[in-house]
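Heavy atoms only: backbone and side chains are in, while hydrogens, waters and symmetry mates are out.
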Amino acid sequence: MSVNNEKKKDKIKMKRLISNVLYVVKYAFRHDKKLPLSYIISRCVFMGIGAFIDTFLLMEIINIFTTTADILSVVKVLAVMFVLHAVRMVIFRFLENYFWTKMIGFEGKIQRELMEKAQKMDLKCYDIPDYYDDFVIAASQSEEMCKKAIMSVASIISHIVAMLVAGTMILTVNAVIMIFPVIGFIVNIITRFIITKLEYQYNLEKQRIGRKADYSKRVFYQPEYAKEIKLTGIEEALMEQYDEAIAEERKMALGYSLKIIVPTLINWITVFTLCQFYAVPVYLAYLAIEKKTIKLGEVASLKNATNGIKNHLDQMNYALVDFQNVGQYAEKFRRFMDYKINIEGCEGELPVPENDCTLELRNVSFKYKDDEKYVLKNVSMTIKKGEKLALVGENGAGKSTLIKLIMRLYDVTDGEILYGGVDIRKLNTKAYREKIGVVFQDFQIYGASLAENVKMDFVSDCDSEKIENALKRADFGAKLKTLENGIETELTKEFSEEGTMLSGGEGQKAAIARMFMGDMPIAILDEPSSALDPIAEYRLNKSMLENAENQAVILISHRLSTTKDADRIILLENGKIAESGTHKELLSKVGLYAEMWNVQAEKYCASIYA
């Protein structure tokens, strides 16, 4: 997507902007009604009473001194001022402290909800850059955005309350003086909105350019890149890419700074110089000295009132800027939160079959969103209980995509996938997946105990034997004996310097053990032995096949030695089934499978099958 198109997409109308902020405030109210109310009330009390003291009570004191000089009357007014100020500060401090204390728990609730939402996101969302960007922004700025939404709304309301108090005082004396702060407010809000819009556009472009710079910088600190950076000349290209990104950002920043200069100058000259420092004092002097229509107390209170209104308008402008920022970023938050979950949230029309675990693909075709080319085309196959099926083919043939469709991480574009004779789209997604054990080639080892990594859940004492058996079935038994704390060993050094780092092959075996934890009728292994040497691979495959004799097994591997003993081998080529049969049958066809086998045979036969 071009930069211009991105700008158009991020351009939000005022009505939508306001709606977005209200969406965030309602979201905050839904989680904790007392939280936003406490802050709004504290600000209104603080601002309203402060404006009353600075105008009406100040005028009353000065007028007493310039007329009767009654000390008792002055003391009474000062006592009222003191009580009001004390009440104002007590309410303000109590409610504000309550707000900031509750905010900690509130932020935790937001992140928890976002994590739950992310966990339920359909996998296809990660393939859509716009939606993924919305997710990243929502996750990184949600707490600050909610806080700013509450604070900006509270600030706007409280400043309006204060201006109503000060404005009432001005209207009772001389309404004309209201013109000056109003002119300043109008100029300020127009120029500030222009400046904020430019700053928002600048930040979006900065993020876009920054991704390139951040990536170039980040790889120098990632351990997985260290060896290649040291042994190749890639660092020069990365540094050049980083320099280009910084130069592009500098050029872009200069362009935006020139655009911002004009509205900034108009703002300062009109609002802060003419309306505040010259117009009001001159007009008040004219009324008091030339026209003699107002008293000294009224001059002081009017000056305070106009300064107060001007200051409140200025502060409200800044609150409106935050309001605008919240509305713009909330658009992404709103799109993310309002996304309708299709696959992950599917409750299902029919119960998951218990007795029949036959998996059937009928004319399955699939292509990614906005992509014309099909990744899979008219693929049909059936796998029954106890059958061992191998999927082979070159990179990009569609093997891993096929597994994602079987797991219903994606929905088929055409055709259907049946489990026990029922279309999986009519089944509860979670209940259906519980029937399948799967190990992906890009498995993850988490910063937790070995037991938790195998069970992928909380572990109790009664799980120990089952976890140890699962590890032994995955050929991890020898390694387990070397671990001092056994299955309680902490993996990775994420939270402990004493954490154990598993090798690639050991990690793969630990991941495979997850499959043996449940009594699942279907087992799927995507490149289960890619990180193992041929001898370890042979032992693991033998163990897996022996321990999964009552399961339907789908095995994906580039190493044909791994798939040799499968009951049936399907060769995928360009998303279609090119060959199907047993190992011997496919060799006799002298096709692509035979060619691939002969290329690999010399490498593996000597070490495994001699």
Side-chain angles (χ1 to χ4, degrees), residues 17-54 81-118 135-166 192 196 199-200 203 308 311-334 336-337:
L17 201 78
I18 295 170
S19 174
N20 285 345
V21 178
L22 293 178
Y23 177 90
V24 176
V25 173
K26 287 177 184 176
Y27 176 82
F29 266 91
R30 180 163 57 85
H31 278 280
D32 191 338
K33 291 180 181 178
K34 294 179 181 179
L35 181 74
L37 277 176
S38 66
Y39 193 78
I40 292 170
I41 292 171
S42 71
R43 297 296 298 176
C44 288
V45 169
F46 185 80
M47 291 294 183
I49 295 177
F52 182 76
I53 292 171
D54 291 342
M81 289 177 67
F82 176 79
V83 171
L84 285 174
H85 184 68
V87 170
R88 171 197 186 203
M89 292 306 298
V90 168
I91 294 175
F92 175 71
R93 290 300 177 194
F94 175 78
L95 291 177
E96 184 149 280
N97 286 338
Y98 174 84
F99 171 78
W100 288 112
T101 302
K102 293 281 286 183
M103 196 69 202
I104 298 170
F106 176 69
E107 289 174 350
K109 286 181 182 178
I110 294 173
Q111 276 303 321
R112 183 175 180 82
E113 184 167 331
L114 286 171
M115 287 189 286
E116 289 174 353
K117 179 76 175 180
F135 165 52
V136 171
I137 290 173
S140 62
Q141 301 187 8
S142 56
E143 298 119 313
E144 188 66 23
M145 184 183 59
C146 286
K147 188 162 57 180
K148 272 191 174 182
I150 296 169
M151 293 175 73
S152 62
V153 169
S155 183
I156 290 168
I157 294 173
S158 63
H159 286 302
I160 289 173
V161 169
M163 286 189 291
L164 287 173
V165 174
R192 285 306 310 171
T196 302
E199 288 174 343
Y200 175 71
N203 285 329
N311 290 333
H312 289 308
L313 287 172
D314 286 345
Q315 291 303 313
M316 197 163 83
N317 270 324
Y318 289 114
L320 286 169
V321 168
D322 285 339
F323 189 94
Q324 185 182 8
N325 278 328
V326 169
Q328 287 165 330
Y329 283 107
E331 179 70 16
K332 298 179 181 296
F333 177 80
R334 190 173 184 175
F336 172 71
M337 295 303 293

Novice: Taking the six-membered ring for Trp, are F99 and Y39 parallel (under 30°), tilted (30 to 60°) or perpendicular (over 60°)?
Specialist: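 Plane angle between 30° and 60°, so tilted.
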
Novice: Check E113 with R30, please: is the shortest side-chain N to carboxylate O separation under 4.0 Å?
Specialist: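 Looking at R30 and E113, the cut-off is met.
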
Novice: Partners of K148 by side-chain contact (heavy atoms from CB on, under 4.5 Å), sequence neighbours excluded?
Specialist: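 Residues passing side-chain contact (heavy atoms from CB on, under 4.5 Å) with K148: E144, D322, V326.
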
Novice: Might you confirm whether atom CZ of F82 has over 12 heavy atoms from other residues, nucleotides or ligands at distances under 6.0 Å?
Specialist: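 No, CZ of F82 has 12 or fewer neighbouring heavy atoms, counting only those of other groups under 6.0 Å.
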
Novice: Under 3.5 Å, is there a donor-acceptor pair between the side chain of R43 and the main chain of A154?
Specialist: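 Side chain of R43 to backbone of A154, a donor-acceptor pair under 3.5 Å: no, none is there.
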
Novice: Test side chain to side chain contact (heavy atoms under 4.5 Å, CB included) on N20 and F333; report intermediate values, then the result.
Specialist: CA-CA 9 Å; N20 285 345; F333 177 80; over 6 Å; no

Novice: Quick check: closest heavy atoms across G48 and V165, and the distance to 0.1 Å?
Specialist: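 G48 and V165 have their closest heavy atoms at O-CG2, 4.1 Å.
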
Novice: Using side chain to side chain donor-acceptor pair (under 3.5 Å) as the criterion, list what pairs up with H159, not counting sequence neighbours.
Specialist: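 Side chain to side chain donor-acceptor pair (under 3.5 Å) list for H159, sorted by chain: S155, H312.
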
Novice: For the CE atom of M89 and the CG atom of L84, what is their distance to the nearest 0.5 Å?
Specialist: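 The CG atom of L84 is 13.5 Å from CE of M89, to the nearest 0.5 Å.
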
Novice: Would S158 and F46 count as a side chain to side chain contact (heavy atoms under 4.5 Å, CB included) here? Give the steps.
Specialist: CA-CA 8 Å; S158 63; F46 185 80; over 6 Å; no

Novice: Can you give me the closest heavy-atom contact between S42 and F92, atom names plus distance?
Specialist: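 Heavy atoms only, the tightest pair is O-CD1, 3.6 Å.
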
Novice: Going by the rule side-chain contact (heavy atoms from CB on, under 4.5 Å), which residues pair with L22 if we only count those two or more places apart in sequence or in a different chain?
Specialist: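 Counting only residues at least two positions away or on another chain, L22 forms a side-chain contact (heavy atoms from CB on, under 4.5 Å) with I18.
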
Novice: Taking all non-hydrogen atoms of both residues into account, name the closest pair between F323 and V153 and its distance.
Specialist: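 Minimum heavy-atom separation between F323 and V153: CE1-CG2, 4.2 Å.
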
Novice: Do you know which two heavy atoms are closest between S152 and A319, and how far apart they sit?
Specialist: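 S152 and A319 have their closest heavy atoms at CB-O, 3.5 Å.
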
Novice: Check whether any side-chain heavy atom of I157 sits under 4.5 Å from a side-chain heavy atom of C44, and report yes or no.
Specialist: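 Side chain of I157 against side chain of C44, heavy atoms only: contact under 4.5 Å found.
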
Novice: What residues form a side-chain contact (heavy atoms from CB on, under 4.5 Å) with V45, not counting sequence neighbours?
Specialist: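 Scan of V45 (side-chain contact (heavy atoms from CB on, under 4.5 Å), adjacent residues dropped) gives I41, I49, I91.
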
Novice: Can you sort out the partners of K34 under side-chain contact (heavy atoms from CB on, under 4.5 Å), two or more places apart, ordered by chain and number?
Specialist: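 Only D32, Y98 meet the side-chain contact (heavy atoms from CB on, under 4.5 Å) criterion with K34.
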
Novice: Looking only at heavy atoms, which two atoms of I150 and A28 are closest? And how far apart?
Specialist: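 Looking at all heavy atoms of both residues, the closest pair is CD1-CB, 3.9 Å.
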
Novice: Out of curiosity, Q315 CD to M163 CE, how far, rounded to the nearest 0.5 Å?
Specialist: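 Between atom CD of Q315 and atom CE of M163 there are 11.0 Å.
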
Novice: If you round to the nearest 0.5 Å, how far is CG of N97 from NZ of K102?
Specialist: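 Here the interatomic distance stands at 14.0 Å.
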
Novice: About how many Å separate CZ of F52 and CG of L164, when rounded to the nearest 0.5 Å?
Specialist: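 The CZ atom of F52 is 14.5 Å from CG of L164, to the nearest 0.5 Å.
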
Novice: Kindly write out the residues that satisfy side chain to side chain donor-acceptor pair (under 3.5 Å) with S19, not counting sequence neighbours, or none if the list is empty.
Specialist: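 Partners of S19 by the side chain to side chain donor-acceptor pair (under 3.5 Å) criterion, ordered by chain and then number, come out as R334.
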
Novice: Kindly compute the distance separating CE (M103) from SG (C146), expressed to the nearest 0.5 Å.
Specialist: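 The CE atom of M103 sits 6.5 Å away from the SG atom of C146.
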
Novice: Indicate the ring-plane relationship of Y27 and Y23, choosing parallel, tilted or perpendicular according to the 30° and 60° boundaries.
Specialist: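 Parallel.
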
